[in-house]
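Here is how names work: the chains are called A, B, and so on, in the same order as the sequence lines, proteins then strands, and each is numbered from 1. Since this is a predicted model, take the numbers as computed values, not measurements.
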Amino acid sequence: MENKKVIDALTKAFPGKVTEVPDRLGDTIVRIEKDDLLIIMDFLKNRPCEFTMLLDLTCVDYLSSKGCFEMVYHLFSISSNKRIRIKSEVRKNELDIDSLSDLWKNANWLEREVFDMFGINFKGHPDMRRLFMYEGFEGYPLCKDYPLRKRQPKIPLRKITK
Amino acid sequence: MNRIQKEARKESLLINMGPSHPAMHGTIRIMLELDGEVVKNSEVEVGYLHRGFEKTCEHKTYFNLLPYTDRLNYVSPLINNLAYVMTMEKMLEIEAPERAQYIRVIMSEFSRISDHLTALAAMTMECGAFTVFLYYIQAREEIWNFIEQTTGARMTTSYIRIGGVRADLHPDFKGLMDKAIKVTRRVLKDVKGLLNKNKIWIDRTRDVAVANPEMAVNYGFTGPCLRASGVSYDVRKAHPYLVYDQLEFEVPLGDKGDNFDRYMVRMKEMEQSLKIIEQAVEKMPASSSRAGLMAKGIEPDEAIKASRTKKAEERVNLSPNLQGSEKDVRPDILVKGKKYTVPPKEDTYTNIEGLINHFKFFMSGHGIRPPKGDVYFSVEGGNGELGFYIVSDGTDKPYRLHLRAPCFHIVSALEEMIKGHYIADIIPTFGSTNMIGGELDR
């Protein structure tokens, strides 16, 4: 029932912009357009929903089947003890999406990880660099077209700057 | 060029801490901009332990990737097993038998204690309390002895399996378990006496690296670090899994969110975990195996010989690393159905159906094939909410597997936490975040 409340509030605030995804396991899943991401996330973070915690942020590569990446956000509300999963598609021809780092501080690193692994750009991110991989790494390792055992070229020794 | 090199003022000193620094356990690099001994600004660089866990998992079957989860948080591997396995169970819509659930609770609580013991041992030792370190590690040793007795390994356990656990508890588990509980209690009491009112310890940890509740929630803190800030959120209470809703325990909270609170919350949590273990052992249903655990049977080669002429009925002695998973023990510890679990070894050795089931389970393209869809499930790990997000495309390999590592979020707040403090304060702060390279860098 609680699930319904959140989705009702969302569809009331953003008519036509939110699609509920039915889930056989009973999780609350919502699909939105990437242009509406910031306003919907801002709405969810504040009252009445109070999803104050960004639990997780990740990406799935569907390039071969649907021609897009799918961003997956997990939010958690401590006050109502609810989780919600928000999905948004990022098309192949424009690999960017708004950054959430103004709303949640841990989005900074999480988005850097997604940039590192999938090559998606986050508009408005303060420090868009690779997180785990080094400077000079070629390709995006978690994409499906990146082979498991691909070798990387040797990078030259870095110059010492004063 | 790093961010800090661009941002730093000309007159300040830039210095590297790590990646190979004795206090940066688990390779992490912190670049510091210093004014005298005060940290003006800093940049944390991670990834030195990145080994492509998620990419590797996409190329392994659901059954085969289990050992990789041991290597995530290597001080509490059993909870990592549990998180992955329970995510799979949610996806497959199966539930482990009751005895297996109690065993899982016991194992995950012992892992939690060993996680907290290790975290605090490192934190205290780096502040100079070497005695405390030795005490903590002694208690951890007893816990690992108990874990080793049942699972056969101290760290890389792979003990909790999809559908249950790999083997029943060792027949003599009570002895080592009681000893582990007794030693841990004694150590907690001793450490309390050594540290709780210790001037040096309090001076070094009180009001250092304060994370107020808003900041903790905004950074996605979970586990002891969040509770130290006074926010009551524990996955075991909020979304009860296994049999946690039938066990009584409290969720200890801190009030300030500084290093001392993070220490206190972990200390109190260990006491609660001991309480949970004692209740779980009391409530655990007895094994229904008629022969008793590890009863003597015939040797495997005799069984194979006998099975050539007629169906072998006797119990077969399994090799030591399979003991406890005998056919008559399995209903207590594993779900029914050949789809989700490795078929009993006795059948594999002695009859053709068992052999076929065995191959059907391990052959590529067969084995565990969950229905299409995605699932998120989390358990309370040593560091906080440990969650798996798995996308299945209907084959026997995950399409995408993502780990929500609790210490990732906590370490991302380190820059803010150490700002304005002394270099010496970085050490206990870093210790209190309990950064584990294996799960942070994946």
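- If you measure heavy-atom distances from Glu385(B) to chain A, the contacts under 4.5 Å come from the side chain alone.
- Both the backbone and the side chain of Met91(B) come within contact range of chain A, each with at least one heavy atom under 4.5 Å from a heavy atom of that chain.
- Proximity to chain A is absent for every atom of Asp393(B), based on heavy atoms less than 4.5 angstrom apart.
- No part of Leu14(B) comes within reach of chain A, as not one of its non-hydrogen atoms sits under 4.5 angstrom from that chain.
- Proximity to chain A is limited to the side chain of Val391(B), based on heavy atoms less than 4.5 angstrom apart.
- One distance of note links CG of Asn383(B) with OG1 of Thr433(B); it measures 8.0 Å at 0.5 Å rounding.
- Only the side chain of Phe76(A) has a heavy atom closer than 4.5 Å to any heavy atom of chain B.
- Using a 4.5 Å cut-off between non-hydrogen atoms, no part of residues 30-44 of chain A approaches chain B.
- Using a 4.5 Å cut-off between heavy atoms, Leu55(A) touches chain B through backbone and side chain atoms alike.
- For Phe408(B), the parts lying near chain A are the backbone and the side chain together; criterion is any non-hydrogen pair under 4.5 Å.
- Proximity to chain B is limited to the backbone of Leu103(A), based on heavy atoms less than 4.5 angstrom apart.
- Contact annotation: the side chain of Asn121(A) never approaches that of Leu95(A) to less than 4.5 Å [non-hydrogen atoms, C-beta and beyond].
- Of the atoms belonging to Arg130(A), not a single heavy atom falls under 4.5 Å from chain B.
- Contact annotation for Asp127(A): only side-chain heavy atoms (C-beta onward) come within less than 4.5 Å of a heavy atom of chain B.
- Heavy atoms closer than 4.5 Å to chain A are found in both the backbone and the side chain of Pro371(B).
- Contacts between Glu214(B) and chain A at a heavy-atom distance below 4.5 Å are absent for every atom of the residue.
- Comparing Glu93(B), His402(B), Glu416(B) by heavy-atom pairs within less than 4.5 Å of chain A, the highest count is held by His402(B).
- Both the backbone and the side chain of Val44(B) come within contact range of chain A, each with at least one heavy atom under 4.5 Å from a heavy atom of that chain.
- For Tyr219(B), the parts lying under 4.5 angstrom from a heavy atom of chain A are both the backbone and the side chain.
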